Novice: 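Quick one: this structure, given as structure tokens, is what I'll be asking you about.
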There are 2 protein chains.
Amino acid sequence: MTTIYEVSKLAGVSLATVSRVMNNNTNVSDATRKKVTIAMKELGYRPNSIAQSLASNCSNSVGLLVSEIHGPFYGPMMGSIESTFRAQAKHVIIAAGHSDVEHEQQAIEFLINRNCDGLILHVEALSDEYLIELSKGKTPFVLLNRYIPEIAHHCIILDNVKGGYLAAKHMLEQGHINIAYISGPQWKKDAQDRLNGHKQALAEHNIPFNEQLLYHGDFMEDSGAEGFKYLHNNTQFSALICANDEMATGAIACARESALVLPEQLSVMGFDNVFFTRHIYPPLTTINYPINDMGKMAANWILSEVYKKTTPPIQTVFEPELVVRQSVLVNAQ
Amino acid sequence: MTTIYEVSKLAGVSLATVSRVMNNNTNVSDATRKKVTIAMKELGYRPNSIAQSLASNCSNSVGLLVSEIHGPFYGPMMGSIESTFRAQAKHVIIAAGHSDVEHEQQAIEFLINRNCDGLILHVEALSDEYLIELSKGKTPFVLLNRYIPEIAHHCIILDNVKGGYLAAKHMLEQGHINIAYISGPQWKKDAQDRLNGHKQALAEHNIPFNEQLLYHGDFMEDSGAEGFKYLHNNTQFSALICANDEMATGAIACARESALVLPEQLSVMGFDNVFFTRHIYPPLTTINYPINDMGKMAANWILSEVYKKTTPPIQTVFEPELVVRQSVLVNAQ
DNA sequence: ACATAAAATGTAAGCGCTTACATTTATAGC
DNA sequence: GCTATAAATGTAAGCGCTTACATTTTATGT
């Protein structure tokens, strides 16, 4: 491995000068810069990033913690984050938290021990307290899809209340009155928010919220199926809104097994606009979660806060949008 | 940041001894090991992995290059790789190659410059020559889904010929005679292999291969739709096999637009068994690609070759399997 | 031409570890 | 008790860079 030392010898300058041309330091004359560049090329010199990190106390790496590395939701997010960083020669180290306190905490420590300069966290199980405490540490981080007032500046979120509202409103506008709802786990803030938005839309239309029409799921496909069964056996409804696409998928599969024709006999909506929603049958009407943009914004947050780069202004709250496909019967009644 | 130096002072031993207990070196008495451990705990000491890497010339990081970070195919693979490595305290740095020579080459250089100890590569555009040349360098790598005889030992692959064969055989056994085929791009070895397996099955059943029934796609959804249109307008067939699930999805959507009833009027098969295939309608019969297992095996390859860990024996060729769902009409004719 | 400031370059001390080698201490054999 | 050997510990030289500070060179004004 060729080192900076060999380059300096070939170019006939000192170590410091070579280092300066590498780091685009201004105080180097064009002549020496050229000499050094040529020497580098000739030797096929590649800086040792580890040594650079140690000396400069900056690893140029950022940690990315998501719940699951597979899964339709995280892929696009990771993709936009990676491309944003690589354009700046930063590398991203991935880790999975599996929505579990132990795992998430371990992963964060792992990433910090790895000298990540900054962290992008999509955590679900960790407590607010832990994260507030973490914010006092030396490794800056940005939180995706989670709002903690004490560290609001670190949070990039979707307006989930509005999303829930938009979904219900759409159903109501199509003439649906009896709208069942399969929620996410209520210990998750986003699940709460979506449900609240839902209730808000009902209230606006003077429709009392009926507990009978509510089933608490866990955001997983199976709970969508279970929720449908439960609701179908216990009450009547022409429409079903699920707090995410996964559950909507499960519910739809189950509804079809019950010989219901969609959307004629049952209208269904999801939430997230995960990429496969347009492939299921009928193509799912849902709420778009601009996860790509949010991932990119998180990356920009790090670029700006940690690496002091100039970036587009940081936006912390993103807006959901209705995506109309064919799983909702138009003009019911 | 507490350093090894402070630990050594508190414990009343030398730097070297502290380093030895960290690295589980045998030649440390239980008494001193305990002293050091206590000192570490007391100071909340965390080794600086960058310094460790520089001194030991081992970064404990492995680079993972995939074509696309999003995408149903890569997610599960990345997940199994990450979990395998994290269990061994190695970190994984991700990069995307976008099936493009420039990008792939850049990404590899990026990863090598980052001092990755080893690489897991899923590359499509790079030439065999480049990879053979790369194998002479100092960074070991394993190739996923690609076979190059000269460096066979680096390759972990699926038996694509057999996969293509299995798909065609299944269709034939259900009584289909006129089987259309939408292939992948023929400059890709796996696409060629799948098509060859297909032809092989036809030959075994004494059915001549009909060029009219072949359309060359590019593995993307849209080309599945285009392929279907082209074939539908030019010839007759009761079954369609696509070289991957993406294209099958596109073809199915398009077939439905043409008012065909599936599978009664058209049987369709895909390839890969990407997770959403069971959600589309009708649920897709396909060929399973054990990408999870293969990812884990690639990780084990690195663990074994690079880090000299003992692992389960390395398997380089994996077997595809038929996954029967409902997109193929049983007993046609 | 000369003093002075600014620009370019060099010197050397780290960054926090690992590890070869040297030294000290414990263990065993007689 | 004394030597030979093994085990435990210490010493110090790097790993390949960055950067504060010192020094030299060049540019500027008079």
Side-chain angles (χ1 to χ4, degrees), chain A residues 1-40 43-61 89 112-117 138-139 307-308, chain B residues 1-40 43-61 89 112-117 138-139 307-308:
Chain A
M1 165 174 271
T2 54
T3 72
I4 199 177
Y5 175 72
E6 296 161 44
V7 174
S8 76
K9 261 204 326 208
L10 213 190
V13 298
S14 72
L15 292 185
T17 302
V18 177
S19 176
R20 283 188 191 101
V21 346
M22 289 201 318
N23 296 292
N24 283 315
N25 191 305
T26 44
N27 290 339
V28 184
S29 71
D30 288 353
T32 41
R33 168 162 279 127
K34 183 170 277 180
K35 273 196 301 187
V36 172
T37 312
I38 289 173
M40 282 177 169
L43 294 169
Y45 171 75
R46 302 251 154 240
N48 178 326
S49 68
I50 297 286
Q52 287 178 318
S53 296
L54 184 60
S56 67
N57 196 30
C58 165
S59 67
N60 285 311
S61 71
I112 291 180
N113 286 349
R114 284 299 175 187
N115 293 70
C116 288
D117 298 327
K138 78 173 182 88
T139 308
Y307 297 112
K308 309 302 175 198
Chain B
M1 165 173 270
T2 53
T3 72
I4 200 176
Y5 176 72
E6 296 161 43
V7 174
S8 76
K9 261 204 328 207
L10 214 192
V13 298
S14 72
L15 293 184
T17 303
V18 177
S19 176
R20 283 187 190 103
V21 346
M22 289 201 319
N23 297 291
N24 282 315
N25 192 305
T26 45
N27 289 340
V28 185
S29 72
D30 289 352
T32 41
R33 166 162 281 127
K34 183 171 278 180
K35 273 195 302 186
V36 172
T37 312
I38 289 173
M40 282 177 168
L43 295 169
Y45 171 74
R46 304 248 154 244
N48 179 326
S49 67
I50 298 286
Q52 286 179 318
S53 296
L54 183 59
S56 67
N57 196 30
C58 164
S59 68
N60 284 311
S61 70
I112 290 179
N113 286 348
R114 285 298 176 188
N115 294 70
C116 288
D117 298 327
K138 79 173 182 87
T139 308
Y307 298 111
K308 309 302 175 198

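Keep in mind the model is a prediction, meaning the values are calculated, not measured. Hydrogens, waters and symmetry mates are skipped; everything else that's a heavy atom, side chains included, is used. Quick note on labels: first sequence line is chain A, next is B, and so on, each numbered from 1.
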Novice: Identify, with sequence neighbours excluded, every residue that meets side-chain contact (heavy atoms from CB on, under 4.5 Å) alongside Ala39(B).
Specialist: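 Ala39(B): side-chain contact (heavy atoms from CB on, under 4.5 Å) contacts with Val7(B), Leu10(B), Ala11(B).
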Novice: With sequence neighbours excluded, tell me which residues meet side-chain hydrogen bond (donor to acceptor under 3.5 Å, both in side chains) with Asn57(B).
Specialist: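 Residues passing side-chain hydrogen bond (donor to acceptor under 3.5 Å, both in side chains) with Asn57(B): none at all.
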Novice: First contact, last contact: which nucleotides of DNA chain D are these for chain A, 5' to 3', heavy-atom distance under 4.0 Å?
Specialist: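 Taking any atom under 4.0 Å from a heavy atom of chain A, the span is dG16(D) to dA20(D).
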Novice: side-chain hydrogen bond (donor to acceptor under 3.5 Å, both in side chains) with Thr3(A): which residues, sequence neighbours excluded?
Specialist: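 For Thr3(A), no residue satisfies side-chain hydrogen bond (donor to acceptor under 3.5 Å, both in side chains) once neighbours in sequence are set aside.
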Novice: Can you tell me if Thr32(B) uses its side chain to pair, donor with acceptor, with the backbone of Val28(B) under 3.5 Å?
Specialist: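 Not a single qualifying donor-acceptor pair exists.
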Novice: What parts of residues 49-57 of chain B reach DNA chain D, counting only heavy atoms under 4.0 Å away?
Specialist: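 Those residues are Leu54(B), Ala55(B).
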Novice: Could you pull out all residues at least two apart from Ala89(A) that satisfy side-chain contact (heavy atoms from CB on, under 4.5 Å)?
Specialist: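 Checked Ala89(A) against side-chain contact (heavy atoms from CB on, under 4.5 Å); zero matches.
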Novice: Given axes from five pairs at either end, by how many degrees does the helix from dA1(C)-dT30(D) to dC30(C)-dG1(D) bend, rounded to 10°?
Specialist: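 Roughly 30°, once rounded to the nearest ten degrees.
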Novice: List the residues meeting side-chain contact (heavy atoms from CB on, under 4.5 Å) with Leu15(B), not counting sequence neighbours, and say none if there are none.
Specialist: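 With neighbours one apart ignored, the set is Ile4(B), Tyr5(B), Ser8(B).
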Novice: Taking all heavy atoms of Met40(B) and all of Val21(B), pick out the closest pair and write down the distance.
Specialist: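 Shortest heavy-atom separation between Met40(B) and Val21(B) comes out as CE-CG2, 4.2 Å.
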Novice: Could I get the full list of side-chain hydrogen bond (donor to acceptor under 3.5 Å, both in side chains) partners for Thr37(B), not counting sequence neighbours?
Specialist: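 Partners of Thr37(B) by the side-chain hydrogen bond (donor to acceptor under 3.5 Å, both in side chains) criterion come out as none, since no residue qualifies.
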Novice: Checking Asn113(B) against Ser49(A): is there a side-chain donor and acceptor pair closer than 3.5 Å?
Specialist: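 Absent: no donor and acceptor within the cut-off.
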Novice: Output a table of nitrogen or oxygen pairs between the protein and nucleotides 5-8 of chain C separated by less than 3.5 Å.
Specialist:
| residue | atom | partner | partner atom | Å |
| --- | --- | --- | --- | --- |
| dA8(C) | OP2 | Asn27(A) | OD1 | 3.4 |

Novice: Listed by chain and number, what are the side-chain contact (heavy atoms from CB on, under 4.5 Å) partners of Ser61(A), not counting sequence neighbours?
Specialist: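 Scan of Ser61(A) (side-chain contact (heavy atoms from CB on, under 4.5 Å), adjacent residues dropped) gives Ser59(A), His91(A), Ile93(A), Cys116(A).
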Novice: With sequence neighbours left out, write down each residue that passes side-chain hydrogen bond (donor to acceptor under 3.5 Å, both in side chains) with Ser14(B), or none if nothing qualifies.
Specialist: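 Ser14(B): side-chain hydrogen bond (donor to acceptor under 3.5 Å, both in side chains) contacts with Thr17(B).
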